Amino acid sequence: MTRIPLYLPNKQNGKNVLLLAADIGGTKTSLGTFKVEDAQIKLLREQTFPSRDYLSFDQILDEYLRNDVNSPPEVLSIGVAGPVVNNAVKLTNLSWNIDAKMLQQNSGWSKVCILNDLEAMAYGLAGIAKDDLATLYSGEPEAGNIAILAPGTGLGEAGLFWDGKFYRPFATEGGHSEFSPRTETDIELFHYLRNESPLISWEHLISGAGIYRIYSFLRDVKGYKEPAWLSEKLTTEDPAAVVSHTAMRELNDGCVKAMQLFVSYMAREATSLVLKLKATGGLYLGGGIPPKIYPLLRDELFRQQFIQSDRMELLLQRIPIHLILKNRTALTGAAHYGAFGKEL
């Protein structure tokens with residue numbers, strides 16, 4: 001595939017600066033110091049922190065900068081899992097608030113910018129290499145919008161608008177749109193989840209916690225057996241990882257069925273996103289989960305579910321589907337945005 005031409009208005013501004021980029025998620029927060037020179041960015045240092053071990057982003061920022069051997073960065077660019085409004089955000093899966101204006105006033109940054117983490121991932125496609133992608137289906141790509149679906153701690157969704165010359169990334173909060181049951185099993189699952197929440201979003205299912213919710217439904221309602229060894233692992237380890245790893249090794253029928261449903265739901269929501277954006281430029285799957293379940297996504301189930309539509313199957317059959325393997329795409333994208341997407 002060819003490199004994606006993003007609209008980066010200040011790509012040729014010629015300014016050389018040190019920039020600190022952040023990718024903040026509900027599970028982990030990654031920070032990286034980048035050197036911006038001759039319209040290129042170079043990663044100098046990176047460190048990852050467990051988000052829930054800290055009361056605020058400021059604590060992580062202070063710890064990172066205290067141990068940074070480089071000169072102090074001048075620009076701070078933050079990709080964050082949450083709805084960004086007026087350069088400020090209240091995180092969706094953490095009790096943090098981040099305000100660019102307050103950060104700039106309190107810490108003396110020359111520039112602070114905040115963008116949604118999926119928008120940052122979209123910017124990260126500007127510098128992604130061929131080896132950082134796996135093509136699940138080559139399709140028949142044509143110039144047009146691009147869709148990104150990224151399940152992890154939550155469900156992120158974004159798009160890239162094709163203006164005829166460049167791609168322009170934009171954020172959405174589509175992962176919080178309501179789950180739409182289709183089959184009798186879906187309806188049973190919906191009623192099961194209503195015990196947890198009156199509104200069931202796609203994020204309730206297409207996320208790490210969603211994998212375990214689906215598995216629990218199959219165990220509690222559909223009667224799938226849970227052996228003692230699996231019960232112990234679910235108690236002592238990350239339940240989503242246990243279910244997905246067990247399914248890929250075909251060691252338990254409940255786990256296998258749970259991941260089949262998870263992949264189906266992921267495909268169905270990807271279909272909705274692609275149709276709403278008319279993403280003829282392709283679908284990109286990112287986030288923490290897809291690379292870990294690559295063998296399941298390579299199977300026919302994902303694409304079979306993806307192309308199901310009332311009257312749009314011919315369009316969906318043409319859509320290329322790519323898996324983002326590079327785990328720092330959003331971090332690099334935040335750096336691209338801070339360096340070239342906003343005036344320094």
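The basis for the numbers below is simple: all heavy atoms, side chains too, and nothing from hydrogens, waters or symmetry mates. Everything numeric here is computed off the predicted structure, so don't read it as measured data.
Residues passing the ring pair (Phe, Tyr, Trp, His ring centres under 6.0 Å) test with Trp109: none are found, sequence neighbours excluded. Asp58 pairs by the side-chain contact (heavy atoms from CB on, under 4.5 Å) definition with Ser56, Leu103, not counting sequence neighbours. Checked against salt bridge (Lys or Arg N to Asp or Glu O under 4.0 Å), Glu74 has no partners two or more places apart in sequence or in another chain. Listed by chain and number, the residues in a ring pair (Phe, Tyr, Trp, His ring centres under 6.0 Å) with Phe179 are Trp202, Tyr265 (sequence neighbours excluded). For Tyr167, the ring pair (Phe, Tyr, Trp, His ring centres under 6.0 Å) partners two or more places apart in sequence, or in a different chain, are Trp162. Legend: residues meeting side-chain contact (heavy atoms from CB on, under 4.5 Å) with Phe166, ordered by chain and number and at least two apart, are Pro5, Tyr7, Asp163. Among residues two or more places apart in sequence or in another chain, the salt bridge (Lys or Arg N to Asp or Glu O under 4.0 Å) test is passed with Arg45 by Asp68.
In the displayed structure, Glu237 atom CD is contacted under 6.0 Å by more than 12 heavy atoms of other residues, nucleotides or ligands. For CG of Asn67, the number of neighbouring non-hydrogen atoms (other residues, nucleotides, ligands) closer than 6.0 Å is greater than 12.
When hydrophobic clusters are built by joining Ile, Leu, Val, Met, Phe, Trp and Tyr residues whose side-chain heavy atoms come closer than 4.5 Å, directly or via intermediates, Val89 is grouped together with Leu76. Residues Leu115 and Leu331 share a hydrophobic cluster, clusters being chains of Ile/Leu/Val/Met/Phe/Trp/Tyr side chains in contact below 4.5 Å. Following chains of ILVMFWY side-chain contacts shorter than 4.5 Å, one cannot reach Val263 starting from Ile324, and the two form parts of different hydrophobic clusters.
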Going by atom type alone, with no hydrogens or angles, which donor-acceptor pairs under 3.5 Å involve a side-chain atom of residues 297-305 and a protein atom two or more places apart or on another chain?
| residue | atom | partner | partner atom | Å |
| --- | --- | --- | --- | --- |
| Arg303 | NH2 | Tyr137 | OH | 3.0 |
| Arg303 | NH2 | Gln317 | O | 3.2 |

Quiz: residues 206-218 side-chain donor-acceptor pairs under 3.5 angstrom, not counting sequence neighbours:
| residue | atom | partner | partner atom | Å |
| --- | --- | --- | --- | --- |
| Ser207 | OG | Glu203 | O | 2.7 |
| Ser207 | OG | Gly210 | N | 3.1 |
| Arg213 | NE | Glu196 | OE1 | 3.1 |
| Arg213 | NE | Glu196 | OE2 | 2.9 |
| Arg213 | NH1 | His204 | O | 2.9 |
| Arg213 | NH2 | Glu196 | OE2 | 2.8 |
| Tyr215 | OH | Glu226 | OE1 | 2.7 |
| Ser216 | OG | Tyr212 | O | 2.8 |

In residues 250-260, what donor-acceptor pairs under 3.5 Å come from side-chain atoms, sequence neighbours left out?
| residue | atom | partner | partner atom | Å |
| --- | --- | --- | --- | --- |
| Asn252 | OD1 | Gly254 | N | 2.9 |
| Asn252 | OD1 | Cys255 | N | 2.9 |
| Asn252 | ND2 | Lys225 | O | 3.1 |

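Rounding to the nearest 0.5 Å gives a distance of 9.0 Å between OG1 of Thr235 and CG of Leu230. Taken from CZ in Arg194 to CG in Leu189, the straight-line distance is 12.5 Å, to the nearest 0.5 Å. The CG atom of Leu18 sits 7.5 Å away from atom NZ of Lys35, with the distance rounded to the nearest 0.5 Å. Distance OH/Tyr337 to CD1/Ile78: 11.5 Å, rounded to 0.5 Å.
For the pair Leu91 and Ile98, the tightest heavy-atom approach, listed with the atom from each and the gap, is CD1-CD1, 3.9 Å. Scanning all heavy atoms of the two residues, the minimum distance from Gly79 to Ala334 falls at N-CB, 4.0 Å. Shown here for Thr92 and Pro83, the closest heavy-atom pair between the two residues is OG1-CD, 3.8 Å.
Each of Asn93, Thr27, Thr29, Thr153 was evaluated against Ser51; a single residue qualifies, Thr29, per the side-chain hydrogen bond (donor to acceptor under 3.5 Å, both in side chains) test.
Among residues at least two apart or in separate chains, ring pair (Phe, Tyr, Trp, His ring centres under 6.0 Å) pairs with a member in residues 45-74 are Phe49-Tyr54.
Contact of the Ile128 side chain with the Tyr284 side chain is not registered, since no non-hydrogen atoms from C-beta on lie closer than 4.5 Å.
In the hydrophobic clustering (ILVMFWY side chains linked at under 4.5 Å, chained through shared members), Ile187 stands by itself.
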